[in-house]
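Note that this is a predicted model, so its numbers are computed, not measured. Both counts, for ligands and for their atoms, begin at 1 and track the order of listing. In this chain, numbering begins with 1 at the start of the sequence shown.
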Amino acid sequence: MEKSTDKPAMRSEDEMVAYALETPIALLDYIPELLADLEELGGNAKAIAGVIKALDISESVTVVDLGCGKGAVAVEVAEKLKLRVLGIDLYKPFVEHCKDLAESRGVAELCDFIHGDILKLAGKFKSFDIALFVALGDVLGPLDQTVSVIRQYVKPGGYIVISDGFIRDGGSSDFTGFEQYADHDAMIARLTACGDTLLSETIESNHYGGKDGKLIMARAISIATRRPELAADVLEYAKTQVAEYKYLDDNFVSAIWALQRTH
Ligand SMILES: C[S@@+](CC[C@H](N)C(=O)[O-])C[C@H]1O[C@@H](n2cnc3c(N)ncnc32)[C@H](O)[C@@H]1O
């Protein structure tokens, strides 16, 4: 099934979530089951907490996790750094999962999770000290456009932490959903196009090695057995995820970037 190519603002809520999760809308109800074995949906929670820890911050700073998914990063930041975190996600079952996760990890009093569209909510909050944008890719558009939205959540002088990446030397962007990606220098130019200061870049070696893909495939086979009418879609989804992990290992370099909003 084709992914939507509309501009982010033109997509419906379901289309936006489906785009971010790389699934056809028909499978959205099955996402909690398909991703039941994964807590992190692309981001490395420990590494991101480490990047935040290295910033010059006090204990009273506030954090917003934009597109928090199942809450792995938000809960890690609350637990390890004792910071207040608001997580926002457009997929309601994930918001409920986040609340349960925070409760089970003993940080419910430090965490709030709300259902909402980060594009529509930009500029609607009293600004945060730190905004996280982890593994959402080009959901909000190219990286320069993405940063211009994220900055609206952050005070001047505050921080933006983005987990994304670039095409490795000799790598290809010829994989559905990665057409907008470019090499390191081109991505850094987009990242800093609003005039913010790049404080740090943490390169992560991609070694997905197919583990998450296998877990998703096992869940897909179970759904396909129970619901034969969904078999084609669900198996295609799992196959694409497996292919994407391989594509990432071969072509992509993951990075965590910390920016300081300068004005
Ligand atoms: C690949 S997941 C990453 C989740 C999380 N940051 C992580 O690393 O585990 C992308 C998430 O973005 C959410 N999302 C997509 N578009 C959104 C929007 N406009 N507003 C809020 N959340 C959105 C999806 O529902 C999904 O949970």
Enquirer: Is there a donor-acceptor pair closer than 3.5 Å between any side-chain N or O of R261 and the backbone N or O of G158?
Expert: no

Enquirer: Atoms of ligand 1 less than 4.0 Å from M16 heavy atoms?
Expert: 16 (N), 19 (N)

Enquirer: Counting non-hydrogen protein atoms only, what is the nearest one to atom 23 (C) of ligand 1? Give residue, atom name and distance.
Expert: L90 CB, 3.8 Å

Enquirer: Compute the shortest N/O to N/O distance between A72 and ligand 1 and return yes if it is under 3.5 Å, no if not.
Expert: no

Enquirer: Does the separation of the ring centres of Y181 and F166 fall below 6.0 angstrom?
Expert: no

Enquirer: May I ask you to list the atoms of ligand 1 that are less than 4.0 angstrom from any heavy atom of I118?
Expert: 18 (C), 19 (N), 20 (N), 21 (C)

Enquirer: So, does K70 use its side chain to make a donor-acceptor pair with the main chain of L35 at under 3.5 Å?
Expert: yes

Enquirer: R84 side chain to E109 main-chain N or O, any donor-acceptor pair under 3.5 Å?
Expert: yes

Enquirer: How far is atom 15 (C) of ligand 1 from its nearest protein heavy atom, and which residue and atom name does that atom have?
Expert: A20 CB, 3.3 Å

Enquirer: Any N or O on V17 sitting closer than 3.5 Å to an N or O of ligand 1?
Expert: no

Enquirer: Would you mind telling me if ligand 1 is within reach of the side chain of C68, the backbone, both or neither, using heavy atoms under 4.0 Å?
Expert: backbone

Enquirer: May I ask you to decide if K120's main-chain N or O and K124's side chain share a donor-acceptor pair within less than 3.5 Å?
Expert: yes

Enquirer: With heavy atoms only and a cut-off of under 4.0 Å, state how F94 meets ligand 1: side chain, backbone, both or neither.
Expert: side chain

Enquirer: Classify the ring geometry between Y153 and F128 as parallel (under 30°), tilted (30 to 60°) or perpendicular (over 60°).
Expert: tilted

Enquirer: Of all the atoms in ligand 1, which lie at a distance below 4.0 Å from a heavy atom belonging to Y91?
Expert: 25 (O)

Enquirer: Can you report which non-hydrogen protein atom sits closest to atom 5 (C) of ligand 1, along with the distance?
Expert: G67 O, 3.4 Å

Enquirer: For T62 and D129, which I'm curious about, is there any donor-acceptor pair between the side chains at under 3.5 Å?
Expert: yes

Enquirer: Can an N or O of A135 be found at a distance shorter than 3.5 Å from an N or O of ligand 1?
Expert: no

Enquirer: Please could you name the atoms of ligand 1 that G43 approaches to less than 4.0 Å, counting only its heavy atoms?
Expert: 8 (O)

Enquirer: Are Q145 and L140 close enough, and set up right, to give a side-chain contact (heavy atoms from CB on, under 4.5 Å), and what steps lead you there?
Expert: CA-CA 7 Å; Q145 205 172 301; L140 301 179; over 6 Å; no

Enquirer: Go through ligand 1 atom by atom and flag the ones less than 4.0 Å from a non-hydrogen atom of G69.
Expert: 4 (C), 5 (C), 27 (O)

Enquirer: Which of the numbered atoms in ligand 1 are under 4.0 angstrom from any heavy atom belonging to G116?
Expert: 20 (N), 21 (C)

Enquirer: Would you tell me which option among D89, L35, N44, V149 has the nearest heavy-atom contact to atom 13 (C) of ligand 1?
Expert: D89

Enquirer: Is it the case that the side chains of H97 and E39 hold a donor-acceptor pair, with the cut-off being a distance below 3.5 Å and no angle test?
Expert: yes

Enquirer: Applying a heavy-atom cut-off of 4.0 Å, say which part of L136 lies close to ligand 1: side chain, backbone, both or neither.
Expert: side chain

Enquirer: If hydrogens are left out, which of L41, V73, D117, L28 has an atom nearest to atom 3 (C) of ligand 1, that is, the closest non-hydrogen atom?
Expert: L41

Enquirer: Using 0.5 Å steps for rounding, measure from the CZ atom of F113 to the CG atom of D100.
Expert: 10.5 Å

Enquirer: Hey, what's the ring geometry for F175 with Y247, parallel, tilted or perpendicular (30° and 60° as the breaks)?
Expert: parallel

Enquirer: With heavy atoms under 4.0 Å as the rule, classify the contact between V139 and ligand 1 as side chain, backbone, both or neither.
Expert: side chain

